[in-house]
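Throughout, protein chains are lettered first and strands after them, A, B, ... in sequence-line order, and every chain is numbered starting at 1.
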Number of protein chains: 2
Amino acid sequence: MAKIAIMGFGTVGSGVLEVLRRNAAAIQRRAGEPVEVKYILDIRDFSAHPDAKLFVKDLDVILADPEVKAVVETIGGTKPAYDFVKRCLSSGRSVATSNKELVATHGAELLALAKENGVAFLFEASVGGGTPIITPMHQCLAANMIAGIEGIVNGTTNFMLTKMARENMDFDQALKIAQSLGYAETIDPSADVDGIDACRKIAILASLAFGKHVYPQNIPTTGIRAVTPADITAAASMGCAVKLVVWAKQLEGGRLAAGVEPMLVPNENQLAGVEDVFNAVLLKGDMLGDVVFYGKGAGKLPTASAVVADVIDALKHGASVHDSLFWQPAAPADAPLTDPSPATYYVRVQGLQPETLRQLPGCTDTGLTDAGAYCVLTGLVPSQLEQAKAAVAGLGGQVCITLKLLEE
Amino acid sequence: MAKIAIMGFGTVGSGVLEVLRRNAAAIQRRAGEPVEVKYILDIRDFSAHPDAKLFVKDLDVILADPEVKAVVETIGGTKPAYDFVKRCLSSGRSVATSNKELVATHGAELLALAKENGVAFLFEASVGGGTPIITPMHQCLAANMIAGIEGIVNGTTNFMLTKMARENMDFDQALKIAQSLGYAETIDPSADVDGIDACRKIAILASLAFGKHVYPQNIPTTGIRAVTPADITAAASMGCAVKLVVWAKQLEGGRLAAGVEPMLVPNENQLAGVEDVFNAVLLKGDMLGDVVFYGKGAGKLPTASAVVADVIDALKHGASVHDSLFWQPAAPADAPLTDPSPATYYVRVQGLQPETLRQLPGCTDTGLTDAGAYCVLTGLVPSQLEQAKAAVAGLGGQVCITLKLLEE
């Protein structure tokens, strides 16, 4: 019998308890022994809960019990999760977490601390909401160098963009529906719609792929607030979908570039067909070529089932398995991780006609939408794009949105 | 320094050597030590090969060398691979193989033999040609019961069906192109086009998902020889693609059903968009919902990179990691693993008009193609489908092809 503790009894934490109980037999077979929750740490009052006797308010109770072999962290955020996880790891307990902010901010340190203490720090559930991505990435692609990552990793914004595309709905309407379904926060939806959540996830994937800590604050991040149904229609006429894409790649010379931004995704790309709350991550292995992992990006039981898989893994193998789940500490970069390569951009403008936009450098196409004229500018490096935007202003126009084309 | 041996220096075997050398630094970091090929076993003459000194013709040379910790099996087929793998495992060497016939035929026995000897028997490369499927399935989905599997696992037939759809090409033309590109065997392409290869792969996936050995000979298997461009066009008019689908599911009461057959795949299904030589496997987890793993289904380096990932895994952990990569031995079933559930079928007929087909039981649609009339029959159990086919014959018609609709 393996005893574990759950820290944080919110959606995912309660899902962990549920998954452990519902699939107890299968989990026992795979873990080699039954897995039982001995403690649940939560500062809220659960005295009326059927499992009231499991609840504690003090982490020391858990740490003082030698029976507890692994701890689940589903508190979220970094306070007090960061401190609690450090104490668990230092005390010789493996930790499985779904907390992307924690991993994106302190991953390298926590991985090193786990190694030092001969335990595991696992976080499959932090990206993809249960869809296996982290494990295939470091384990199955162990014989590959990863050249690049592209993904759709925020289910809420993907749901909203799908609604906007299918029902010609604007951002505000789509947000209201996402909020009414519980996909977006009602008070402050910015973590989703401004790309903050997606940014943390690509920071984690990039850290793992390229072997050293990549910080969210170094990743240029734009959300979907400026996207209109007009842009989605124009994109469709060019054979593209509009998706909030996270990407990371290694440039010549080893420098990294990464970003979070709404992009034009050509229909041939596997990511274009990812709809609703689904997530997908495309990895480019140097030996394997492109692989895609696709699944539901959120949800109580999917996410919890990934945490439980990590718990089983930790109980069976502790630190020994996870030499490849590791990256080096690094200081934040001095500058944003922008990509200096030439790219193609869709630029929608108000106050100018398509004919006027034709004079912009690299212009290969123009058109008119309900929300202004647009042009397609090809082969521009970032400074040239800025010049083009300045030219638009000089002509008396106003740039409403710029969407980069996701290229192979 | 970890020493390994490669048995069989064909496409995949030589790819293993290449991957180990090209990504030596990354592999060393992940394996914790350099990985070096000490022997290559092949009965052919490689005396002019730059690595001629590595070649041996006698397995005993390898088994007698205590430095060899793991062996790669890339001979293919079961003779002599089965015997060789048993001898390697019995001697305490972990084995990584890409050999689907071997795993589909003898998997349970070889997994048990590996366990008995405290070593690992790994075969990620046997399905998906390098795309991670086996490992995510048993490890990341450890907290899930798998309710069903659907996949496209033969790149050659998927390439042919894609050609047929895009270029209105018939089977023979598509086969010639596949042969000229080296995707299909020139002398006898039946392993691909008759579904034999796909059948072995679903046997492996079903064995792992449901925990006991599923034999290829129990899985009803139909290839793509009867598919015409007319069927693909008719399917498109119904919002479907025609794909060679492998599937397996657990029926009420625990009985398994599995099959390999060309099917109508609705465009909403992730498998419909899988084109060319790509493969995809969709797993239905009870907690996780649907997840899809997608990648190139074949190729020297992709497949070899999966073998190398298994070698790294075996060197690091031996048997200890792989309690969940296991299934029980079982005798072959007495009867084919057919699915008794009602289903929807597309039936193309020669010698009858669409109007005549309307009288068939469950008929919900009819139409005319270049190659005869068709009907859609809905809600038929297998015996009712047989009755419908008999009715067609009774009316003087001839059934050319029957395609089942892949339903959620």
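Taking B:K296, B:R22, B:Q270, B:E275 one by one and counting their heavy-atom pairs under 4.5 Å with chain A, the maximum is reached by B:Q270. Of the listed residues (B:G130, B:P136, B:G295, B:A143), the greatest number of heavy-atom pairs within a distance under 4.5 Å of chain A belongs to B:A143. Between chain A and the residues B:G211, B:P302, B:G289, the most heavy-atom pairs under 4.5 angstrom are made by B:P302. Chain B forms the most heavy-atom pairs under 4.5 Å with one residue out of A:A142, A:G299, A:A24, A:G285, and that residue is A:A142. If you tally non-hydrogen atom pairs under 4.5 Å between each of B:G129, B:A280, B:A309 and chain A, the highest count goes to B:A309. Taking chain B as the reference chain and counting heavy-atom pairs below 4.5 Å, the highest number among A:E18, A:R29, A:M145 is found for A:M145. Comparing B:L301, B:V292, B:I133, B:V35 by heavy-atom pairs within less than 4.5 Å of chain A, the highest count is held by B:V292.
Taking 4.5 Å as the limit, some side-chain heavy atom of B:L122 sits within range of a side-chain heavy atom of B:D313. Side-chain contact between A:T97 and A:V307 is absent, with no heavy atoms from C-beta onward closer than 4.5 Å. Residues B:N269 and B:E150 have side chains in contact (heavy-atom distance under 4.5 Å, counting atoms from C-beta outward).
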Practice problem: Could you walk me through whether B:Y294 and B:N279 pass the side chain to side chain contact (heavy atoms under 4.5 Å, CB included) test, one step at a time? | Solution: CA-CA 6 Å; B:Y294 168 93; B:N279 279 198; over 6 Å; no

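For the 3.5 Å distance criterion, the side chains of A:N144 and B:N23 fail to qualify, holding no donor opposite an acceptor. Donor-acceptor pairing under 3.5 Å is recorded for the side chains of B:E124 and B:T135.
Using a 4.5 Å cut-off between heavy atoms, B:L141 touches chain A through backbone and side chain atoms alike.
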